[in-house]
Amino acid sequence: MRRIIEELVSGIVRQLQAEGLFPEGVLPAYKVERPRDKSHGDFSTNAAMVLTRFAKIRPRDLAEKMLAMLPADQKLVDRWEVAGPGFINFHLAKERIRQMVPDILQAGKQYGESNFGAGRRVQVEFVSANPTGPMHVGHGRGAVMGDAIASLFSVTGHTVEREYYINDAGAQVGVLGRSVLLRYRELFGHAITMPEGCYPAAYVIEIAKSLRERDGERWLGDSEQLGGDPPAEVVRFAMEQILGWIRSELATINIHFDSWFSEQTLHSQGKIEQVIEQLTQKGLIYEGVLEPPKGKLPEDWESRPQLLFKSTEYGDTVDRPLKKSDGSATYFAADIAYHLDKAQRGFDQLIDIWGADHGGYVKRVKAALQALTGQKNLLDVELVQMVNLVRGGVPVKMSKRDGTFVTLKEVVEEVGSDAVRFIFLTRSGGASLDFDLQLAVSKSNDNPVYYVQYAHARIHAVFRQAEQKGIGVEQGELSRLETEDELNLIRQLGSYPELLEAAAINREPHRVPYYLVELASTFHTYYNSHRILDEADVPLSGARLLLISAVRQVLFNGLNVLGVSAPEKM
RNA sequence: GCGCUCGUAGCUCAACAGGAUAGAGCAACGGCCUUCUAAGCCGUAGGUUACAGGUUCGAUUCCUGUCGAGCGCACCA
């Protein structure tokens with residue numbers, strides 16, 4: 001809908017440019033948008049104000065001039081005016097507004113989708129929690145954000161892939177294996193002591209038990225000498241079990257990945273050495289000594305020459321090491337290889353969802369990717385801020401050590417997937433979030449999931465009534481929808497496709513829940529002030545059924561994008 | 001010390017790529033169920049958008065600085 005108005009305006013601007021009022025070439029961007037204030041019409045444009053400088057006319061005069069050029073013979077707009085400092089406001093014809101109702105119903109589940117991103121392949125990588133333990137709530141937030149962003153790209157016409165990067169290489173994997181072996185040994189009656197840094201938690205015992213169940217005493221010999229690396233098969237066994245848990249936990253909050261990418265394969269296939277070689281050829285690798293960081297020094301800091309990548313040439317603050325002191329690759333080196341691999345898979349856009357604690361990595365990864373591909377904006381990293389668990393306003397203590405650690409699973413079991421997802425998505429990712437378990441289960445307005453779902457269920461209830469009374473949509477006369485309340489409700493439905501597009505472009509899923517809450521609110525108000533079913537006026541009742549059916553469709557579609565259910569009864 | 005993310009009503013948060021009078025919910029107070037789901041609706045109150053400059057027709061939004069919060073700062077992930 002907005003597109004049509006945009007074309008109307010741009011046609012006039014081009015014409016004025018041809019007449020020599022504006023200079024040749026590119027003009028500054030003006031906008032066509034939906035005004036906040038309803039009295040300002042359905043759409044408005046700031047074109048006259050933006051272009052006033054070039055026309056050397058005052059904004060309002062220019063607006064008047066433009067307004068006179070609008071074609072008179074169309075059925076879209078029935079009134080337009082110049083307002084305020086020079087806005088041009090468009091008021092759509094009522095006929096055109098009403099027409100959106102059947103349009104929406106016809107589009108059904110597809111309503112709101114666009115081909116905005118047609119032909120573009122986008123990959124969203126998210127969660128990527130280490131397979132060394134259960135997921136916590138912070139992972140959950142990243143998971144839900146990533147999933148919703150992926151959905152937004154999908155409904156706006158992009159081809160989307162969801163990928164999970166498995167950090168199955170590096171020291172922590174060995175620690176996991178050793179921890180499992182220790183618990184395994186314990187199961188056979190041997191006394192053990194958990195060394196510093198190992199994972200003592202209950203889930204490790206569970207893994208040890210299933211290892212014993214499968215392999216019996218097979219690893220007892222290995223469990224005696226724990227100085228070296230644990231057997232690869234034990235490590236793999238442990239990680240597969242944990243990944244299985246992660247997978248099923250993600251499934252309980254409605255998240256499914258298309259692709260699971262193993263970091264280990266980068267090492268085993270020599271991808272990391274290859275990428276270092278490529279960077280070397282570009283002259284971006286050197287052996288050097290880093291300045292010690294200012295502020296508090298790490299205790300074991302020692303100055304030593306390292307293999308460094310010149311990330312400073314791409315905006316980073318210092319150059320970054322690629323090799324550890326023992327000669328193995330750093331996490332960063334693997335990450336470069338990983339991102340290059342993603343780029344080579346032919347995506348037009350890569351999106352990473354990271355926890356805020358990884359924020360310091362953004363510049364160096366983007367730097368490396370730019371150096372390798374020459375593309376500056378291939379990768380977008382969305383940082384998701386921390387989640388503070390709270391119960392009734394009191395912080396919930398969390399510590400991995402004492403096992404007072406609240407897992408994502410526990411939270412989902414307590415408050416339900418819908419509430420978890422909705423609450424996570426009703427905040428912009430940039431803001432840290434207090435997740436109150438008490439509020440999350442409360443069925444009040446504190447908890448907008450229920451507010452939106454209730455509107456949806458309510459509409460279903462009306463339809464159940466309508467069936468009993470023998471009133472159906474086919475008896476409705478659309479033209480009977482004439483109150484401002486009704487037209488405003490339709491207008492709101494009409495903006496849904498634009499909302500999805502804006503949310504996708506800005507990677508801001510939180511706009512969707514906010515929209516749904518507003519739509520639900522408009523509906524509830526309408527419901528309370530208008531009788532929908534009136535046996536004495538079936539054409540009107542049918543028309544109103546058509547209207548709320550369209551509302552129901554949009555609520556359903558919106559909840560679906562968020563991965564939240566739309567119940568028919570509550 | 002440096003970098004990133006922030007700072008909006010008493011609380012939790014919005015403000016749609018710079019737009020017109022900064023909006024919701026909660027908490028407080030007062031109303032609405034013999035009629036389609038009261039998990040709902042209506043009303044009252046609440047603000048120097050942390051602070052100071054700048055850019056322009058116009059700034060919560062962009063730039064600079066100050067103050068404050070969170071996260072990070074060789075070799076872990």
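Order of the sequence lines fixes the chain letters, A, B, ..., with proteins taken first and strands second; residue numbering starts at 1 for each chain.
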(request) Quick one: do A/E501 and A/T156 satisfy side chain to side chain donor-acceptor pair (under 3.5 Å)? Show the steps, please. (result) CA-CA 6 Å; A/E501 204 171 295; A/T156 47; over 6 Å; no
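- Across all strands shown, B/G40 forms a Watson-Crick or G-U wobble pair with B/C32, both key distances being under 3.5 Å.
- Neither OP1 nor OP2 of B/C73 sits under 4.0 Å from any side-chain N or O of A/R364.
- Under 3.5 Å, the side chain of A/H510 and the base of B/A14 form no donor-acceptor pair of N or O atoms.
- Among the heavy atoms of the strands, none lies under 4.0 Å from A/K469.
- Comparing B/C62 with B/G19, their P atoms sit 11 Å apart, to the nearest whole Å.
- Taking side-chain N and O atoms only, A/S428 has a distance below 4.0 Å to OP1 or OP2 of B/A14.
- Considering only side-chain N and O atoms, A/K324 lies nowhere under 4.0 angstrom from the phosphate OP1 or OP2 of B/A74.
- Distances shorter than 4.0 Å separate some side-chain N or O of A/R511 from OP1 or OP2 on B/A17.
- Considering only side-chain N and O atoms, A/Y451 lies under 4.0 angstrom from the phosphate OP1 or OP2 of B/C41.
- Each of B/C75, B/A20, B/G3 was ranked by its minimum atom distance to the side chain of A/N89; first place goes to B/A20.
- Using a 4.0 Å heavy-atom distance criterion, A/T525 is classed as a sugar-phosphate-only contact.
- One finds a side-chain N or O of A/Y454 lying less than 4.0 angstrom from the OP1 or OP2 phosphate oxygen of B/A39.
- In B/C71 the O4'-C1'-N dihedral to the base is more than 90° from 0, which defines an anti nucleotide.
- Of the side-chain N and O atoms in A/K31, one or more sit less than 4.0 angstrom from OP1 or OP2 of B/G19.
- Residue A/H456 is out of contact with every strand shown, counting any heavy-atom pair closer than 4.0 Å.
- In the interface, the side chain of A/S44 is paired with the base of B/A20 through a donor and an acceptor atom under 3.5 Å apart.
- Taking the six-membered ring where the residue is Trp, A/Y165 and A/Y331 present tilted rings, their angle falling between 30° and 60°.
- Across B/U5, B/A17, B/A39, the shortest atom-to-atom separation from the side chain of A/I505 is found for B/A17.
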